[in-house]
Amino acid sequence: MSSHTWIDCCQEQDDERFSERSTERRQVFEDAAARLDTMIPPSVWAFLQVTDLEIRLISMVLKSERCPATLDNNSAPKRTHPVAFSDNDSSESRSQCSQVPTSKTRTRSGKPSSVSEASVRRDVRIAKRSKERDGNLCVLSRMGAAQACHIYPWCAFGAQSTSRVTNFWKTLRFFGPTDKVDAWRAKIFLDNGTPYGTETVENMITFNATLHNFHCEGAFALRPVRITADKTQLELEFHWLKRQVRDSKVMVDLLELPMSSRDLKESGHGQFFCYLDNGVPTRLVSGQRFTMTTDDPVNKPLPDPGLLELQWHLQRILAMSGAAGWKEDEFDDAGVIES
């Protein structure tokens, strides 16, 4: 028996982890539907399937005059998060992170970047430390040739559209507890007054190329379960996601049920076998748990449970709303950092 003290790191009810609506959430929705019009945009519907429950919040969302302007799907850029982002200039200041002139900024494919002023430079040292932490293996497949991948997507760091990033976080604060959202943001935006993120080992996880692509496309999500008090072990739960086919212009009834991920063995991308903890080839199924470890929680910390929780929510929102997933190459490069 392990001598480690484990701490739960996911506040969500277990009965909703397969995107199956709990009795409590159903009652809140039915109470709202008895008084208000429940036809809402797909992205708003998806947010409400995962947000913390308050009848006050549900009422505010259903009353369109209180709903943030960022929730207008019709103006959303292609292949981005389902919540639209304004192109208005951001009033937030530029960060002091590494910047490169436009004339020298290029993507991995060699194409000149469209960044008008500056681009956030990726830190190869962070990628190297995250791969060392994970034994230079994909955390799921346990295969080599692993890629250091972002938990909070690179395309959302703010290199090309700071106003969109600013509005994204404003939207999160509208739907979720401000203290929790601010804690998530503080893990990425170490200079709290800037829309440009800072790379950290806590925001990195290693996948092989196939699983990295699956994750960017919203095919699966990782649910944080618990972490040891000494932060040397982290238990995660794997979930394939069912992407719902939707027209972003067609309203959705709040009472419509999400598609369950229970017992899913794939997500339209074919089955995938991995080795997980026991070294035996195992077909990935929703609900499968595995453990990440580190021998140096200070210099090579495990992925931050808060950022994993944010990823867990956003991946499901993408799937429920029918969005195309995080396409990092649409913003900068392929999202892969090589040491």
Side-chain angles (χ1 to χ4, degrees), residues 1-2 4 6 9-10 17-18 124-154 199-228 230-241 261 263-305 307-309 311-312 315 325-326 328 334-339:
M1 182 175 179
S2 173
H4 289 287
W6 288 90
C9 55
C10 189
R17 72 185 191 277
F18 296 110
V124 175
R125 296 168 300 176
I126 296 296
K128 183 178 180 181
R129 282 161 53 197
S130 65
K131 288 199 234 180
E132 289 175 350
R133 176 198 64 202
D134 299 333
N136 292 301
L137 299 173
C138 169
V139 297
L140 279 167
S141 69
R142 309 309 298 166
M143 298 177 182
Q147 300 174 350
C149 311
H150 294 95
I151 296 170
Y152 175 81
W154 177 256
E199 293 200 283
T200 65
V201 177
E202 291 180 290
N203 187 43
M204 304 298 290
I205 192 167
T206 51
F207 293 136
N208 65 17
T210 299
L211 287 174
H212 184 204
N213 287 335
F214 283 3
H215 193 255
C216 286
E217 292 170 6
F220 73 88
L222 298 176
R223 177 178 181 254
V225 179
R226 58 180 185 163
I227 190 170
T228 56
D230 62 5
K231 298 185 178 180
T232 59
Q233 298 184 58
L234 172 66
E235 187 176 54
L236 300 173
E237 194 172 78
F238 176 93
H239 285 263
W240 290 114
L241 301 175
S261 66
D263 298 326
L264 273 186
K265 298 179 175 62
E266 63 168 305
S267 183
H269 295 75
Q271 299 179 14
F272 194 91
F273 286 80
C274 60
Y275 291 92
L276 296 176
D277 298 332
N278 55 16
V280 177
T282 304
R283 182 169 58 186
L284 272 177
V285 179
S286 286
Q288 177 69 55
R289 292 188 177 185
F290 66 100
T291 302
M292 292 182 63
T293 63
T294 181
D295 58 5
D296 186 351
V298 175
N299 297 307
K300 294 182 288 185
L302 292 165
D304 178 68
L307 293 178
L308 284 165
E309 183 183 5
Q311 166 267 167
W312 165 242
Q315 290 291 87
W326 297 95
E328 301 189 23
V336 182
I337 305 176
E338 300 297 344
S339 60

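Position 1 is the first residue of the sequence, and the numbers go up from there. Just the heavy atoms: all of them, side chains too, but no hydrogens, waters or symmetry mates, feed the values below. On a predicted model such as this, the values are computed, not experimentally measured, just so you know.
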Side chains of E132 and D296 in contact at under 4.5 Å (non-hydrogen atoms):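 Of all side-chain heavy-atom pairs linking D296 with E132, none is under 4.5 Å.
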Q315 side chain near R223 side chain, heavy-atom distance below 4.5 Å: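 Contact flag for Q315/R223 side chains = no.
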Does [X] reach the main-chain N or O of [Y] with its side chain, forming a donor-acceptor pair under 3.5 Å?
X: D304; Y: E202; value: no
X: W240; Y: L284; value: yes
X: R133; Y: P301; value: yes
X: Q288; Y: F238; value: no
X: R129; Y: N299; value: yes
X: E309; Y: P224; value: no
X: Q311; Y: L308; value: yes

In Å and rounded to the nearest 0.5 Å, what is the [atom1] to [atom2] distance from [X] to [Y]?
X: H150; Y: C216; atom1: NE2; atom2: SG; value: 10.5 Å
X: L234; Y: W6; atom1: CG; atom2: CH2; value: 7.5 Å
X: K131; Y: C138; atom1: NZ; atom2: SG; value: 12.0 Å
X: M204; Y: L302; atom1: CE; atom2: CG; value: 14.0 Å
X: H239; Y: W312; atom1: NE2; atom2: CH2; value: 4.0 Å

Parallel, tilted or perpendicular, as decided by the 30° and 60° cut-offs, for the rings of H215 and F207: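 The arrangement is tilted - the two ring planes meet at 30° to 60°.
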Whether F214 and F272 hold their rings parallel, tilted or perpendicular, with breakpoints at 30° and 60°: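 Perpendicular, since the angle between the ring planes exceeds 60°.
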If you look at every heavy atom in [X] and [Y], which pair is closest and at what distance?
X: I205; Y: L222; result: CD1-CD1, 3.7 Å
X: T232; Y: T228; result: N-OG1, 3.1 Å
X: F290; Y: L140; result: CE2-CD2, 3.5 Å

Salt-bridge present (K300, D295; N to O < 4.0 Å):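 The answer is yes: the pair qualifies as a salt bridge.
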Other residues, nucleotides, ligands: >12 heavy atoms within 6.0 Å of K231 NZ: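 Counting other residues, nucleotides and ligands, NZ of K231 stays at 12 neighbours or fewer.
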Identified side chain to side chain donor-acceptor pair (under 3.5 Å) partner of D134 from the options T206, T294, T293: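 Answer to the side chain to side chain donor-acceptor pair (under 3.5 Å) test with D134 among T206, T294, T293: T206.
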